[in-house]
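For reference, the structure is listed below as structure tokens.
So you know, we letter chains A, B, ... as the sequences are listed, proteins then strands, and number each from 1.
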Amino acid sequence: MMKIKEVATKLNTTQRTIRFYEEKGLIQPDKGDNDYRYYTEQHLWKLQTILSLREVGMSTAQIKKTLMSEEEVGRYLNMQRSALYEEWLEIKDMIGTIDQMIEKNEDQELVKEDIFALADQLKTLKEKRKGWQDQWNFDSQARGYDESLKMNGYRFNVHENYEDALAKAIESIRPLKGEKGVDIGTGTGNLGSKCLPLGAHVIGVDQSEEMLKVCKEKHPDIDVRNGHFLALPVMDGEADFITTSYALHHVTEQEKELALREMDRILKPKGRIAIVDLMFANAHDRARVIKGFEEEGNQEALYAIEDEFYADRSNLVEWFKQLGYTVHTHSFNDILHMVYAEK
DNA sequence: TTTCTTACA
DNA sequence: TGTAAGAA
């Protein structure tokens, strides 16, 4: 039985901190008749983990949850990593615009407007990065996701050519042994897992906890991470290739450009990207296909298209080219396409 | 001496 | 979380 001072020095903290954790309900040491706190080995261990989690920025409230649910420390660490990545990206954005402001300021004289504009731009960028929300509630869809893939829509089957498309993506990427790939919006891992037998390390990113849980159960070898298109939990230039299927249409057309830049950030030079998704070849084609659905009175299709953000493939191609990529495209049907880009 | 509690920054 | 003050 140790008294608080001994514990504090041993763990390299202060007595105040230890009492504070008790106040927050994280630990309950035994109290003697003199009201002194006495700590056992178990208490020490617990305090040690509290301190460790605190060190990586987890709040006491989160730590409390983590400690109570015993089994899932990994899950909370995962979430914490994502949070830190988001903060990191935000800081990078801020530094970037400050650089631009300084440059403007040195160039010309009266450039307040430019600086205001840059600040405003930064603000919207921050909002986009944070403002991501799961409009379609994938957490609740997770369990039945693979089953629902097999079912066809009544008059509109978005998963027609699904397997062909996934196969084509892998065939284009040609993952090599030892390479690191990132599968964005990995869901239950249907696409990402196809890289595993080829010897690649796969990071599966998804914003839905439940999806990740299911994914991990199906494919234990996938390195599953919380995150989304606008804030990928991956370092700059870490990925040899990126895949994504049936996910980009959950991001608005405006955000898609930012999403491509985010992919560009994590991709190595010479890296490859394969995007398989519901999209239209271009604006004309979009009008043509929609008109077709209207003429046949296919409300189901029209509603589905309106509810989500099917990309304009020509825009994606254009953005990739601006970033210096070589781009190829492939159509599976009117609404299912692949964009393949090489850095 | 040591720890405790409470208040406040 | 750090600091301070009075009490046990």
Donor-acceptor contact below 3.5 Å, side chain A:His43 vs main chain A:Gln28
yes
What is the distance, rounded to the nearest whole Å, between atom NZ of A:Lys3 and atom P of C:dA8?
20 Å
Nucleotide C:dT1, atom P - distance to CE of A:Met58 in whole Å
14 Å
Salt bridge or not for A:Arg129 and A:Glu86, using N-O below 4.0 Å?
no
Heavy-atom nearest nucleotide on DNA chain C taken for A:Thr60 and for A:Tyr36; more 5' hit belongs to A:Thr60
Proximal nucleotide (of B:dT3, C:dG2, B:dT5) relative to the A:Arg16 side chain:
C:dG2
Can you name the closest pair of heavy atoms from A:Phe309 and A:Val251 and give their distance?
CB-O, 3.3 Å
Take the protein atom CD of A:Glu22 and the nucleotide atom P of B:dT6, then report the distance between them rounded to whole Å.
12 Å
May I ask you to say what A:Tyr21 touches in the nucleic acid, namely base, sugar-phosphate or nothing, with a heavy-atom cut-off under 4.0 Å?
sugar-phosphate
Rounding to a whole Å, what distance do you find between A:Ile4:CD1 and B:dT2:C1'?
11 Å
A:Thr14 vs C:dT1: side-chain N/O to OP1/OP2 distance below 4.0 Å
no
Distance, nearest 0.5 Å, that separates OG1 of A:Thr97 from CG of A:Leu118:
6.5 Å
If I take atom OH in residue A:Tyr38 and atom C1' in nucleotide B:dT2, what distance separates them, rounded to the nearest angstrom?
10 Å
Rounded to whole Å, please give me the gap between OH in A:Tyr39 and C1' in B:dC4.
11 Å
Can you check whether A:Arg37 has a side-chain N or O nearer than 4.0 Å to OP1 or OP2 of B:dC4?
yes
Does a salt bridge link A:Glu217 with A:Arg143, judged by any charged N lying under 4.0 Å from a carboxylate O?
yes
With a non-hydrogen cut-off below 4.0 angstrom, is A:Lys31 in contact with a base, only sugar-phosphate, or nothing?
sugar-phosphate
Can you tell me how far C1' of B:dT1 sits from CG of A:Asn34, to the nearest Å?
13 Å
What integer distance in Å separates A:Met2:CE from B:dT3:P?
13 Å
Answer with base, sugar-phosphate or nothing: what part of the nucleic acid does A:Arg19 contact at a heavy-atom distance below 4.0 Å?
base
